[in-house]
Engineer: 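The structure under discussion is supplied below as structure tokens; questions concerning it will follow.
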Amino acid sequence: MELQKVIKGLHHVTATVNDAQEDYDFYTKVLGLRLVKETVNFDNEAVYHFYYADEIGNPSTVFTTFPYKDQGVRQGVIGNGQVVQTSFSIPHDALDFWEKRLINNGLSYSKTKRFGLETLVFTDPSGLVLDLKANPQDTREDHIWSTDDIPKSKAIKGIHSVTFSVEDGDATGKFLENFGYRKVMGEDNLTLYEVGEGGPGNSVIMRSNPDGDTGINGLGTVHHVAHRVADLETLEKVRNYIEDDLGIDITEVKDRKYFKSIYFRIPGNVLFEVATEEPGFLIDEDKDELGTSLKLPDWQEVRREEIEKNLIPYER
Ligand code: ZN
């Protein structure tokens with residue numbers, strides 16, 4: 001199976017974070033993303049699942065969090081076997097705007113250049129490492145979300161890429177090529193890969209770090225990165241290929257309501273998901289109402305009262 005024809009790019013990135021209020025305020029008010037869905041972690045309904053994205057939750061713009069404060073989860077350690085940095089894409093002339101904005105919000109940041117792109121690196125309230133990459137190639141123009149103080153012309157357009165760290169770059173690189181990604185270029189111990197149409201939203205960066213410590217899951221770490229395919233039929237073919245041809249353990253297809261998903265660990269131990277573009281976030285809310293109330297799948301709706309009682313309220 002030629003996966004480079006079916007893996008279209010990134011779908012979403014999901015992180016374990018600390019406090020729901022801090023998380024909501026940071027991603028919607030500081031970074032200016034739209035909360036397009038408020039639901040619960042389908043595997044732990046005492047915890048919210050927040051989906052932040054563009055106006056309608058287009059795949060490759062979606063960043064999701066599980067706020068696990070007071071649920072007995074320790075602070076994580078970022079390291080090998082994890083996504084260590086999540087990059088968002090901003091217009092090429094928006095760098096000054098964002099530098100001022102980070103300063104005005106009391107955030108310290110560093111400025112670097114990676115693969116030719118000016119990059120602002122900072123951390124979120126839980127300790128996740130994020131960056132903004134200014135670039136002229138991002139064609140995602142149709143559903144950019146703006147806020148009172150972030151005009152569309154400066155706003156985040158979606159995920160740019162993720163950087164994950166592995167001990168054995170050769171083994172992981174070989175897997176990535178079998179998974180459909182193509183090597184674009186290297187810089188220091190980083191290698192840039194692209195899939196589908198390439199560019200922002202369709203890129204990953206592998207950090208080869210043979211002497212690095214293994215990461216530990218917990219608050220302030222990325223849980224997994226999801227790649228996108230068109231539909232369920234394609235997802236099932238990809239599942240069979242990964243299990244049978246690549247010999248990698250993989251979950252059954254899971255119903256995530258807004259997409260169908262499979263999960264597996266790549267050589268290098270990073271947790272990958274493959275998710276369908278269908279049906280998307282408009283399946284249970286109109287565009288104007290996205291993210292304005294708690295949505296539950298049918299199998300949890302029957303216990304709504306109990307579920308709502310256990311969630312910690314936060315202010316919009
Ligand atoms: Zn996911």
Side-chain angles (χ1 to χ4, degrees), residues 6-17 20 23 27 33-45 47-54 56-68 73 76 81-88 124 126 128 130 158-164 179 195 201-204 215 217-232 234-236 238-239 242 248-266 269-281 283-284 290-291 295-297 299-300:
V6 299
I7 303 289
K8 296 168 79 175
L10 298 176
H11 188 287
H12 65 269
V13 176
T14 293
T16 305
V17 299
D23 190 69
Y27 286 97
L33 304 178
R34 184 181 193 191
L35 180 71
V36 293
K37 198 64 66 183
E38 181 196 291
T39 182
V40 294
N41 182 343
F42 292 177
D43 302 320
N44 181 350
E45 63 195 30
V47 174
Y48 287 108
H49 194 180
F50 293 147
Y51 287 83
Y52 306 104
D54 70 355
I56 59 169
N58 275 310
S60 87
T61 73
V62 183
F63 183 79
T64 97
T65 61
F66 297 129
Y68 260 94
V73 174
Q82 291 176 341
V83 169
V84 295
Q85 192 159 323
T86 302
S87 304
F88 293 92
D124 89 340
S126 297
L128 290 169
L130 308 177
I159 307 275
H160 179 280
S161 53
V162 292
T163 302
F164 49 81
F179 188 58
V195 72
N202 308 315
S203 302
V204 299
N217 274 338
L219 308 182
T221 58
V222 170
H223 188 261
H224 62 265
V225 53
H227 309 260
R228 69 184 189 277
V229 295
D231 52 29
L232 180 59
T234 314
L235 187 73
E236 283 169 345
V238 171
R239 189 189 174 285
I242 290 169
I248 292 175
D249 285 343
I250 188 160
T251 65
E252 294 302 316
V253 173
K254 293 186 190 264
D255 184 359
R256 296 315 193 191
K257 188 168 181 183
Y258 309 104
F259 43 86
K260 300 277 198 297
S261 287
I262 50 178
Y263 301 82
F264 61 100
R265 288 199 182 272
I266 67 170
N269 217 34
V270 184
L271 185 59
F272 270 25
E273 173 181 350
V274 183
T276 57
E277 291 180 329
E278 302 173 339
F281 296 95
I283 191 180
D284 60 358
L290 282 174
K295 304 308 283 187
L296 296 171
W299 65 89
Q300 284 174 320

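All ligand and atom numbering here is 1-based and tracks the order in the structure.
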Engineer: Kindly confirm whether the Zn ion (ligand 1) is within less than 2.8 Å of some N/O/S atom in H224?
Structural biologist: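 A backbone or side-chain N, O or S atom of H224 is under 2.8 Å from the Zn ion (ligand 1).
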Engineer: Check whether the side chains of H49 and T64 place a donor and an acceptor atom closer than 3.5 Å, and report yes or no.
Structural biologist: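 Yes - a donor-acceptor pair under 3.5 Å links their side chains.
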Engineer: From H12, does some N, O or S atom reach closer than 2.8 Å to the Zn ion (ligand 1)?
Structural biologist: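 True for H12.
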Engineer: Less than 4.0 angstrom from a charged side-chain N to a carboxylate O is my criterion; do K260 and E278 meet it?
Structural biologist: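 Result for this pair is no, no salt bridge flagged.
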Engineer: For the Zn ion (ligand 1), give me the closest N/O/S atom belonging to E273, just the atom name.
Structural biologist: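 It is OE1 of E273.
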Engineer: How many angstroms lie between atom OH of Y27 and atom CG of L130, to the nearest 0.5 angstrom?
Structural biologist: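 Here the rounded value is 4.5 Å.
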Engineer: Are a donor atom and an acceptor atom from the side chains of T221 and T16 found within less than 3.5 Å of each other?
Structural biologist: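 The criterion, which ignores hydrogens and geometry beyond distance, is not satisfied for T16 and T221.
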